[in-house]
2 protein chains.
Amino acid sequence: MYVKIDFNSDEAIYIQLRNQIIYGIATSQIQEGDNLPSVRELAEIVGINMHTVNKAYSILKQEGYVKLDRRKGAVIAIDIDKLQAIEQLKESLRVILAEAICKNISCREIHEVIDQIYQEFERG
Amino acid sequence: MYVKIDFNSDEAIYIQLRNQIIYGIATSQIQEGDNLPSVRELAEIVGINMHTVNKAYSILKQEGYVKLDRRKGAVIAIDIDKLQAIEQLKESLRVILAEAICKNISCREIHEVIDQIYQEFERG
DNA sequence: AGATCTGTTATACTATTAATATAACAGGTA
DNA sequence: TACCTGTTATATTAATAGTATAACAGATCT
């Protein structure tokens with residue numbers, strides 16, 4: 001699984017890292033039980049500091065995407081609290097849908113976009 | 001239209017301000033042609049600095065939600081570039097949908113949540 | 001036992017951003 | 001003229017992002 005950081009982005013490196021790993025899980029490039037590179041290893045690959053990787057991993061742990069083990073390092077382990085997950089989804093979507101409504105995007109158009117993205121993910 | 005700032009939030013004040021105004025437009029509490037309070041006025045109402053309000057207004061202007069006029073102040077004026085708007089929508093949705101897929105939320109469930117939020121907005 | 005890997009913690013430094021505080025300027029309005 | 005707009009400039013404080021070293025505790029392997 002490739003990890004690509006845009007150093008010119010205004011998005012924090014550890015956030016980019018977090019998002020890419022979530023993409024990786026969503027597209028099945030990495031799966032439950034797989035382990036991520038160690039913080040030091042990934043830091044060297046990407047060319048950033050160990051602590052920045054550690055921050056990304058800690059967030060992923062806190063959000064229930066990985067478990068951290070001294071032996072194996074970071075292991076993909078999805079902790080599903082579905083009700084809570086749907087609540088968070090709703091909260092995230094509110095801002096985005098408000099923006100869409102302002103821009104005259106219809107409900108149907110949003111559904112179409114959703115399906116498109118889903119297909120992107122399914123293709124990997 | 002009420003504006004409520006959570007000073008304990010980790011979200012920047014000017015972002016909260018921007019989002020609330022977008023909510024206001026989406027729910028028709030404020031409409032095309034309406035003018036927002038002046039930067040100094042809103043700053044006093046909310047209890048924050050003028051520049052923080054100005055930053056929010058500048059972003060809203062840049063994003064095509066308002067026009068700034070020396071006479072009337074900030075006026076709601078949606079600048080719709082729909083193709084671009086849909087592209088931005090897509091980009092915003094990718095991360096959120098990836099998270100949803102990881103959490104085992106189905107495509108159908110997302111569609112349902114979308115409809116729920118749409119109904120929320122329609123009710124005001 | 002000893003070397004080596006893991007995450008974890010601590011400390012320090014720099015750069016950037018968020019937010020505030022004053023102040024002034026230019027244009028429109030009454 | 002007085003007063004309202006947004007705008008710009010400058011300065012300060014606080015928080016965050018990222019880097020840099022260093023050390024510690026547990027697990028693994030030779």
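Each chain gets a letter, A, B and so on, in the order its sequence line appears, and its residues count up from 1.
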From [atom1] of [X] over to [atom2] of [N], roughly how many Å is that when rounded to an integer?
{"X": "B/K72", "N": "C/dG28", "atom1": "NZ", "atom2": "C1'", "answer": "12 Å"}
{"X": "A/F7", "N": "C/dA15", "atom1": "CZ", "atom2": "C1'", "answer": "16 Å"}
{"X": "A/I13", "N": "D/dA17", "atom1": "CD1", "atom2": "C1'", "answer": "8 Å"}
{"X": "A/D69", "N": "D/dA27", "atom1": "CG", "atom2": "C1'", "answer": "9 Å"}
{"X": "B/Q16", "N": "C/dA18", "atom1": "CD", "atom2": "C1'", "answer": "12 Å"}
{"X": "B/I15", "N": "D/dT16", "atom1": "CD1", "atom2": "C1'", "answer": "15 Å"}
{"X": "A/L68", "N": "D/dA25", "atom1": "CG", "atom2": "P", "answer": "20 Å"}
{"X": "A/K61", "N": "C/dT8", "atom1": "NZ", "atom2": "C1'", "answer": "9 Å"}

Within residues 34-57 of chain A, residues whose heavy atoms come under 4.0 Å of DNA chain D: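 Contacting residues: A/R40, A/I48, A/N49, A/M50, A/H51, A/T52, A/K55.
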| task | Identify whether the distance between the nearest side-chain nitrogen and carboxylate oxygen of B/E112 and B/R108 falls below 4.0 Å. | result | yes
State whether a side-chain donor-acceptor pair under 3.5 Å links A/K4 with A/Q20.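 On atom types as modelled, these side chains do not qualify, holding no pair under 3.5 Å.
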- Task: Answer with yes or no whether the side chains of A/E11 and A/S9 bring together a donor and an acceptor at under 3.5 Å.
- Result: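 Side-chain D/A pair, A/S9 to A/E11: absent.
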Practice item. Give a yes/no answer on whether the side chain of B/Y14 brings an N or O atom under 4.0 Å of OP1 or OP2 in C/dA18. Key: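 True: B/Y14 side-chain N/O within range (under 4.0 Å) of C/dA18 OP1/OP2.
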One should read off an interatomic distance between A/I30 CD1 and A/I21 CD1, to the nearest 0.5 angstrom, of 6.5 Å
| message | Under 4.0 Å, heavy atoms only, any strand: does A/K67 hit a base, just the sugar-phosphate, or nothing? | response |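 If one applies the 4.0 Å heavy-atom cut-off, A/K67 turns out to touch nothing in the nucleic acid.
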Query - A/V53 and its side-chain contact (heavy atoms from CB on, under 4.5 Å) partner, picked from A/I45, A/V39, A/V46 - result: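 For A/V53, the side-chain contact (heavy atoms from CB on, under 4.5 Å) check succeeds only for A/V39.
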* To do: Could you tell me which non-hydrogen atom of A/I101 sits nearest to which non-hydrogen atom of B/A26, and how far apart they are?
  =>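 Between these two residues, the closest heavy atoms are CG2-O, 3.8 Å.
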